[in-house]
Amino acid sequence: MHDFSQNVYRAVQKIPRGKVSNYGCIAFLAGKPRAARGVGFVLHRNPDPERIPCHRVVFKDGSLCKGYVFGGPDVQRQKLLEEGVAFLPDGRVDMETCGWYGKEE
DNA sequence: TGTGTGACGATCG
DNA sequence: GCGATCGCCACAC
């Protein structure tokens with residue numbers, strides 16, 4: 001079975017509200033610490049956008065992808081702000097405060 | 001059926 | 001410290 005993709009979806013669903021994760025983290029949880037690219041593509045093909053909050057997944061730097069699908073990085077940023085995610089003046093997510101690594105909860 | 005590409009990240013040189 | 005290459009996944013051509 002596609003354990004990797006299934007695990008990726010499961011890990012993303014585990015991300016608590018108000019927190020964000022990164023592709024590397026999801027890949028690690030999926031068992032493929034170097035499959036960040038695969039995670040990105042799997043999320044891009046997000047079969048259940050309502051069930052999988054892929055907008056909570058950002059770069060390890062906390063920056064959002066430039067070619068987003070929701071309508072633009074502004075939309076993703078707004079969604080995260082609505083959830084209480086803190087953003088830095090650089091326009092990146094504050095991974096120091098809202099970074100989720102899947103170890104807690 | 002096989003190759004190339006795309007929301008990335010880490011490691012090698 | 002910076003640059004280049006590899007690894008991983010699924011899908012389109």
Side-chain angles (χ1 to χ4, degrees):
Chain A
M1 297 295 285
H2 303 283
D3 292 327
F4 179 75
S5 58
Q6 293 299 314
N7 204 356
V8 169
Y9 297 137
R10 177 186 254 167
V12 175
Q13 291 174 40
K14 286 170 61 181
I15 300 173
R17 178 177 169 282
K19 298 257 181 170
V20 295
S21 188
N22 51 74
Y23 299 100
C25 181
I26 299 301
F28 183 81
L29 294 174
K32 309 289 185 185
R34 296 181 180 171
R37 199 164 72 176
V39 173
F41 206 81
V42 170
L43 292 179
H44 185 191
R45 291 293 161 182
N46 189 349
D48 295 311
E50 296 181 7
R51 184 174 173 182
I52 304 170
C54 51
H55 61 271
R56 290 180 186 163
V57 184
V58 299
F59 286 142
K60 191 173 182 291
D61 293 343
S63 54
L64 307 175
C65 61
K66 44 192 171 185
Y68 207 53
V69 190
F70 293 106
D74 293 332
V75 177
Q76 185 179 12
R77 187 179 69 182
Q78 185 63 36
K79 289 169 80 85
L80 294 173
L81 287 171
E82 289 292 316
E83 295 186 349
V85 176
F87 271 77
L88 297 173
D90 294 351
R92 296 185 293 187
V93 178
D94 187 351
M95 300 301 285
E96 297 295 325
T97 302
C98 301
W100 183 77
Y101 294 87
K103 290 187 175 185
E104 300 176 6
E105 296 185 68

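Naming convention: chains lettered A, B, ... in sequence-line order (proteins, then strands); numbering from 1 in each chain. All heavy atoms count here, side chains included; hydrogens, waters and symmetry mates do not.
Inter-residue side-chain proximity for A:Q78 and A:E82 is flagged as met; some heavy-atom pair is nearer than 4.5 Å.
For the pair A:R10 CZ and C:dC9 P, the computed distance is 18 Å after rounding to whole Å. Summarising the geometry, the separation between CZ on A:F4 and P on B:dC8 is reported as 13 Å, rounded to the nearest angstrom. Note: OH (A:Y9) to P (B:dA7) measures 16 Å, nearest angstrom. For the pair A:L43 CG and C:dC9 P, the interatomic distance rounds to 14 Å; values are reported in whole Å. Note: CG (A:N22) to P (B:dA7) measures 18 Å, nearest angstrom. Whole-Å rounding puts the A:L64 CG to B:dA7 C1' distance at 11 Å. Atom CZ of A:R45 is separated from atom P of B:dA7 by 10 Å (rounded to the nearest Å). If you take CZ of A:F41 and C1' of C:dG7, they are 16 Å apart, rounded to a whole angstrom.
Between A:K60 and B:dC8 there is no side-chain polar atom (N or O) within less than 4.0 angstrom of OP1 or OP2.
When both pairing distances are held under 3.5 Å, C:dG1 makes no Watson-Crick or G-U pair with any nucleotide shown. Partner assigned to B:dC8 is C:dG7, using Watson-Crick or G-U wobble distances below 3.5 angstrom.
In this model, a side-chain donor or acceptor of A:R37 finds a partner on the base of C:dC8 within 3.5 Å.
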_Working for side chain to side chain contact (heavy atoms under 4.5 Å, CB included), residues A:R56 and A:K79_ = CA-CA 9 Å; A:R56 290 180 186 163; A:K79 289 169 80 85; over 6 Å; no

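Across B:dT1 and C:dC8, the matching P atoms stand 24 Å from one another, rounded to whole Å. Distance check on atom C1': B:dA7 versus C:dC2 gives 25 Å, rounded to whole Å.
Screening A:R17, A:H55, A:K19 for a side chain to side chain donor-acceptor pair (under 3.5 Å) involving A:E83 leaves a single residue, A:H55.
Heavy atoms only, all atoms of each residue included: A:R92 and A:D61 are closest at CD-O, 3.9 Å.
Counting any heavy atom pair closer than 4.0 Å across all strands shown, A:F59 reaches sugar-phosphate atoms only and no base atom.
Under a hydrophobic-cluster definition in which Ile, Leu, Val, Met, Phe, Trp and Tyr are linked whenever side-chain heavy atoms come within less than 4.5 Å, directly or via other members, A:F28 and A:L43 are assigned to different clusters.
Comparing A:G38 and A:R34 against DNA chain B, the residue whose closest nucleotide sits nearer the 5' end is A:G38.
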